[in-house]
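Have a look at the structure below, then the notes.
These numbers were taken from a predicted model, which means no experiment stands behind them.
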Amino acid sequence: MTDHRTDRTDRTDPGPALAALTAAGFDLSGLTEEQHAVLRSLTDQELALLTDLKGRLEEAGPEVQGHAEVAGGALF
């Protein structure tokens with residue numbers, strides 16, 4: 001049985017977590033390989049929380065948009 005939390009260093013195969021984050025609109029291009037490894041190891045619940053938070057911040061509108069970018073940088 002394969003552990004989905006296993007670190008993969010091949011950036012050509014981002015794995016389901018990185019693919020889901022990219023599809024949700026997260027810009028992961030500036031992250032280090034170590035940061036990519038952390039994101040690849042997210043559980044389904046952690047991934048759902050991140051994408052939910054991003055959506056809620058975007059729905060909050062322009063006033064919060066600047067904070068979302070700062071928080072996004074702080075989160076990643």
When rounded to the nearest 0.5 angstrom, what distance separates [atom1] in [X] from [atom2] in [Y]?
X	Y	atom1	atom2	answer
Asp52	Arg56	CG	CZ	5.0 Å
Leu47	Thr51	CG	OG1	5.5 Å
Glu46	Leu39	CD	CG	10.0 Å
Leu28	Arg40	CG	CZ	10.5 Å
Leu31	Leu18	CG	CG	8.5 Å

**Q.** For Ala19, all residues meeting side chain to side chain contact (heavy atoms under 4.5 Å, CB included), sequence neighbours excluded
**A.** none

Q: Please step through side-chain contact (heavy atoms from CB on, under 4.5 Å) for the pair Leu49 and Leu42, ending with a clear verdict.
A: CA-CA 10 Å; Leu49 177 62; Leu42 292 176; over 6 Å; no

Q) Does any pair with a residue in residues 15-28 pass side-chain hydrogen bond (donor to acceptor under 3.5 Å, both in side chains), and if so which ones, sequence neighbours excluded? A) Asp27-Ser29

